[in-house]
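Remarks on the structure that follows.
Just so it is clear, the values below take in all heavy atoms, side chains as well, and ignore hydrogens, waters and symmetry mates. For reference, positions follow the sequence shown, starting with 1.
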Amino acid sequence: MAAQRTIAQRAIRQESDVLLRQLDAYLAAVRAGRGAVDLGHAERMAAALRQLIADTARSSAVDRARVRAAVHYFVYRGATGDGPARPGGARLALLTGGRAPAERRRQGDDDRVVNDLLRELGRADLIVEH
């Protein structure tokens, strides 16, 4: 039983490390000037997500999955507010309660999605205003 718990804890730690590396890689790309992104805002959003990753390490699998989805949404969709929406499948459904994505993303979608998740997880103190 203890061995299974240790394996599960290690898997959660590895998952957290992967998410943190994804955030770092995204910020590095933004700092390098890829995309028309407000660097300060992206850094604040990434800091909130980092804190959320740490805070949910011992949470339910559902909450961790929602945090993972928020990080993926932020990183892979970017904070540019332009370009066509990509199919998000289950990840987007986790974040939006199953609502279909718009054909084109609107400015502030990343803020809304991440901030809504922060509220739902009881972490309104981490909300990032633009």
Side-chain angles (χ1 to χ4, degrees):
M1 188 65 103
Q4 288 176 334
R5 198 169 330 147
T6 302
I7 291 169
Q9 289 170 341
R10 188 177 318 132
I12 291 168
R13 213 173 19 254
Q14 288 173 340
E15 178 183 70
S16 295
D17 290 344
V18 167
L19 294 173
L20 294 171
R21 283 194 304 270
Q22 289 172 344
L23 286 171
D24 290 342
Y26 175 73
L27 288 176
V30 170
R31 287 182 187 114
R34 294 187 207 134
V37 177
D38 177 350
L39 176 61
H41 182 71
E43 287 175 336
R44 289 189 305 277
M45 188 68 70
L49 288 167
R50 277 192 192 94
Q51 185 63 50
L52 198 58
I53 291 165
D55 291 349
T56 56
R58 298 206 189 291
S59 294
S60 70
V62 171
D63 285 349
R64 289 192 321 272
R66 294 177 78 203
V67 170
R68 184 173 54 250
V71 170
H72 289 178
Y73 187 86
F74 177 69
V75 168
Y76 294 116
R77 304 263 304 196
T80 61
D82 59 2
R86 297 180 198 156
R91 287 186 194 137
L92 188 57
L94 273 172
L95 293 169
T96 64
R99 293 185 302 270
E103 188 59 34
R104 294 184 61 79
R105 291 184 55 229
R106 292 179 303 275
Q107 187 70 28
D109 278 354
D110 295 319
D111 293 355
R112 181 187 51 78
V113 168
V114 175
N115 287 337
D116 284 352
L117 178 61
L118 291 169
R119 279 186 204 93
E120 289 172 20
L121 293 175
R123 293 306 312 264
D125 59 306
L126 295 176
I127 288 175
V128 177
E129 300 295 334
H130 198 68

Partner of Leu126 under side chain to side chain contact (heavy atoms under 4.5 Å, CB included), chosen from Gln51, Arg44, Arg50, Met45 |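 With Leu126 as partner, side chain to side chain contact (heavy atoms under 4.5 Å, CB included) holds for just one option, Gln51.
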
Using the rule that two of Ile, Leu, Val, Met, Phe, Trp, Tyr join whenever any of their side-chain heavy atoms come within less than 4.5 Å, decide whether [X] and [Y] are in one cluster.
| X | Y | result |
| --- | --- | --- |
| Val128 | Leu39 | yes |
| Val18 | Leu49 | no |
| Leu121 | Ile12 | no |

Answer yes or no: is there a side-chain heavy-atom contact under 4.5 Å between [X] and [Y]?
| X | Y | answer |
| --- | --- | --- |
| Leu52 | Val114 | no |
| Leu19 | His72 | yes |
| Leu23 | Ile53 | yes |

Would you name the heavy atoms of Ala42 and Phe74 that are closest together and state the gap between them?
->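 Nearest heavy atoms, Ala42 then Phe74: O-CZ, 3.7 Å.
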
Which atom pair, heavy atoms only, marks the closest approach of His41 to Asp111?
->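 In terms of heavy atoms, the two residues are closest at NE2-OD1, 2.6 Å.
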
With Asp17 via side-chain hydrogen bond (donor to acceptor under 3.5 Å, both in side chains) - residues at least two apart |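 Listed in chain order: nothing, the list is empty.
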
Only counting residues at least two apart or in another chain, list the ones meeting side-chain hydrogen bond (donor to acceptor under 3.5 Å, both in side chains) with Gln9.
->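 Counting only residues at least two positions away or on another chain, Gln9 forms no side-chain hydrogen bond (donor to acceptor under 3.5 Å, both in side chains).
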
Results of salt bridge (charged side-chain N to carboxylate O under 4.0 Å, His left out) for [X] - residues two or more places apart only:
| X | result |
| --- | --- |
| Arg13 | none |
| Glu15 | Arg64, Arg68 |
| Arg119 | Asp116 |

Got a second to check how far Gln22's CD is from Leu20's CG, nearest 0.5 Å?
->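 The CD atom of Gln22 sits 9.5 Å away from the CG atom of Leu20.
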
For Ser60, enumerate each residue passing the side-chain contact (heavy atoms from CB on, under 4.5 Å) test, keeping only those at least two apart in sequence or located in another chain.
->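 Ser60: side-chain contact (heavy atoms from CB on, under 4.5 Å) contacts with Val62, Asp63.
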
